[in-house]
2 protein chains.
Amino acid sequence: MLVTQKTQYALRAIFELAKHRDRGLRKISDIAQAQAIPERFLEVILSQLKRSGFVTSKRGYHGGYRLVPPPERISVGDILRFMEQSDHPLHCIACISRCKCPLDGGCAFRPMWNQIEDAIYHIYDRTTIQDLVNNETGCAAAVNG
Amino acid sequence: MLVTQKTQYALRAIFELAKHRDRGLRKISDIAQAQAIPERFLEVILSQLKRSGFVTSKRGYHGGYRLVPPPERISVGDILRFMEQSDHPLHCIACISRCKCPLDGGCAFRPMWNQIEDAIYHIYDRTTIQDLVNNETGCAAAVNG
DNA sequence: TTTTTCTTGACTAATACAGTCGAGAAAATT
DNA sequence: AATTTTCTCGACTGTATTAGTCAAGAAAAA
């Protein structure tokens, strides 16, 4: 629910792999450099992402990471949900934030939190990694005239 | 953008004042008890909220806090925006989370973050404090049969 | 057999958030 | 006037989460 720095890195790593997908494996160090992510930290993140099945890796000389499904079949929601679940296995459905679930004002606030959660994930789920890549090329075109 | 514990307390305090509005001033200690908020912390929060103009206070014997506008004319968005701005004067418009605004993947992610922000505030802005109060009475009715 | 690159888990550091505290100033009460 | 109540203000501390590091090892290719 909460988009941490780590989650943003995860998203950017996937994004980077998507752009590179048809050119084979990509090294951690290259991804780190391209996306300005601390390399050592990225190691942790990518090996976590492996467990989602969205990426695979190969070790050694021509090793690296690779995005498995085509980017148009992965949504941002898929990635965020995976990161969320693997970092916070117990999750408070009513809450938008890092949440300790107190009274919550009884149930007065719950409908609103639920609306927010739905609205957020609606957007995450309909946004594919390919959409993000397209955004960038659109933007580059705009910048370069 | 990020709903912290403090912001939730602020919202619950306003909610409590709304319920009590026609009965005059309400003491910090009573609000704290009713909403399960640490009293000393609530002092800080309420005196911060005073600067928004949504609440006023009076000291001394029969002192306490009071909600100024009618609850149907205050939106959740009003409160959240005020808290957000007074806690984080510099705010990154592109970001949903605690954000350090790095590359952000160029502008690839920005449209999505903007959509999220708009969607969230659309809900916050259309939800009034009175709506929350109504939720609760509706819920109590459901519970009590 | 050397180099490269991922793998794993434990470790440390930084920061933001949460909450506390003490001394003081109005306002009413007695 | 003295006392009690309640808000006021700013500085202070603790703590949990997040962020990030490190070292030793294992596969894969050269």
Side-chain angles (χ1 to χ4, degrees), chain A residues 1-13 17 24-33 35-51 55-66 83-84 86-92 95-102, chain B residues 1-13 17 24-33 35-51 55-66 83-84 86-92 95-102:
Chain A
M1 204 69 247
L2 174 64
V3 183
T4 62
Q5 188 74 4
K6 183 182 180 188
T7 306
Q8 293 192 41
Y9 288 157
L11 225 40
R12 300 223 299 268
L17 288 177
L25 295 165
R26 188 115 224 248
K27 292 191 292 184
I28 289 180
S29 56
D30 288 344
I31 302 169
Q33 186 151 40
Q35 289 292 328
I37 302 171
E39 187 172 334
R40 266 3 242 277
F41 197 22
L42 183 57
E43 291 179 359
V44 174
I45 295 167
L46 281 172
S47 87
Q48 183 175 340
L49 279 171
K50 262 190 72 169
R51 276 170 259 145
V55 303
T56 29
S57 62
K58 198 180 151 198
R59 299 202 251 203
Y61 215 87
H62 290 127
Y65 274 89
R66 175 177 153 263
M83 292 301 289
E84 180 72 15
S86 77
D87 285 340
H88 311 285
L90 300 175
H91 149 86
C92 157
C95 289
I96 295 313
S97 62
R98 169 187 19 271
C99 151
K100 299 175 187 153
C101 290
Chain B
M1 205 69 244
L2 173 64
V3 183
T4 62
Q5 188 73 5
K6 182 184 180 185
T7 306
Q8 293 193 40
Y9 288 158
L11 226 39
R12 300 223 300 268
L17 288 176
L25 295 165
R26 189 117 223 246
K27 291 193 293 185
I28 290 180
S29 56
D30 289 344
I31 302 168
Q33 187 153 38
Q35 289 292 327
I37 303 170
E39 187 172 334
R40 251 23 232 277
F41 197 23
L42 182 57
E43 291 178 0
V44 174
I45 295 168
L46 281 172
S47 86
Q48 183 175 342
L49 279 172
K50 261 190 73 170
R51 275 169 259 145
V55 302
T56 30
S57 62
K58 197 181 151 197
R59 297 202 251 203
Y61 219 88
H62 290 126
Y65 273 88
R66 176 178 153 262
M83 292 302 288
E84 180 71 17
S86 76
D87 285 341
H88 311 285
L90 301 175
H91 150 86
C92 158
C95 288
I96 296 312
S97 63
R98 173 187 14 272
C99 151
K100 300 179 184 149
C101 290

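In this text, all values refer to a predicted model and were calculated from it rather than measured experimentally. We use all heavy atoms of the structure for the numbers below, so side chains are in, but hydrogens, waters and symmetry mates are not. Chain naming here is simple, since letters A, B, ... match the order of the sequence lines and numbering starts at 1 in each.
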(Q) For C:dG19 and B:Tyr9 - does any side-chain N or O of the residue sit under 4.0 Å from the phosphate oxygens OP1/OP2? (A) yes
Whole-Å distance, B:Glu39 CD to C:dG19 P, equals 14 Å
Between the CD1 atom in B:Ile37 and the CD atom in B:Glu43, the distance rounded to the nearest 0.5 Å is 12.5 Å
Rounded to whole Å, the CD-C1' distance (A:Gln48 to C:dC6) equals 16 Å
Original post:
With a 4.0 Å cut-off on heavy atoms, is B:Leu46 in touch with a base, just the backbone sugar-phosphate, or nothing at all?
Top reply: nothing
When rounded to the nearest 0.5 Å, the distance separating CZ of A:Arg66 from NZ of A:Lys58 is 11.0 Å
- Does OP1 or OP2 of C:dT5 have a side-chain N or O of A:Lys27 closer than 4.0 Å? yes
In whole angstroms, the gap separating P of D:dT21 from CD1 of A:Ile37 amounts to 12 Å
From CD of B:Gln5 across to C1' of C:dT20 the rounded distance in Å is 16 Å
Taken to the nearest whole Å, CD1/B:Ile45 to C1'/D:dC9 is 15 Å
5' to 3', nucleotides 23-30 of chain C under a 4.0 Å protein heavy-atom cut-off (B base, S sugar-phosphate only, - none) gives -BBBBSS-
Separation of C:dA10 atom P from A:Phe41 atom CZ, nearest Å, is 17 Å
- Query: Between A:Leu42 and A:Tyr9, is a side-chain contact (heavy atoms from CB on, under 4.5 Å) present by the stated rule, with each step listed?
  - Reply: CA-CA 8 Å; A:Leu42 183 57; A:Tyr9 288 157; 5.5 Å; no
Would you say a side-chain N or O of B:Ser57 is under 4.0 Å from OP1 or OP2 of D:dT8?
yes
Here the gap from B:Ser47 atom OG to B:Ile28 atom CD1, rounded to the nearest 0.5 Å, amounts to 8.0 Å
Between CZ of A:Arg66 and P of C:dT5 the distance, given in whole Å, is 19 Å
Distance col, row A:Leu17:CG vs A:Leu25:CG, nearest 0.5 angstrom, shows 9.5 Å
Side-chain N,O (B:Ser29) to OP1/OP2 (D:dT6) below 4.0 Å: no
Atom CG of B:Leu49 and atom C1' of D:dC9 are separated, to the nearest Å, by 16 Å
| task | Could you check if a side-chain atom of A:Glu39 sits within less than 4.5 angstrom of a side-chain atom of A:Ile31, using non-hydrogen atoms only? | result | no
Next on the checklist: With side-chain contact (heavy atoms from CB on, under 4.5 Å) as the criterion, how do A:Asp87 and A:Lys6 come out once you've worked through the C-alpha distance, each side chain's angles and the decisive distance to 0.1 Å?
Outcome noted: CA-CA 10 Å; A:Asp87 285 340; A:Lys6 183 182 180 188; 3.2 Å; yes
DNA chain C nearest-nucleotide lookup for A:Val44 and A:Gly64: closer to the 5′ end is A:Gly64
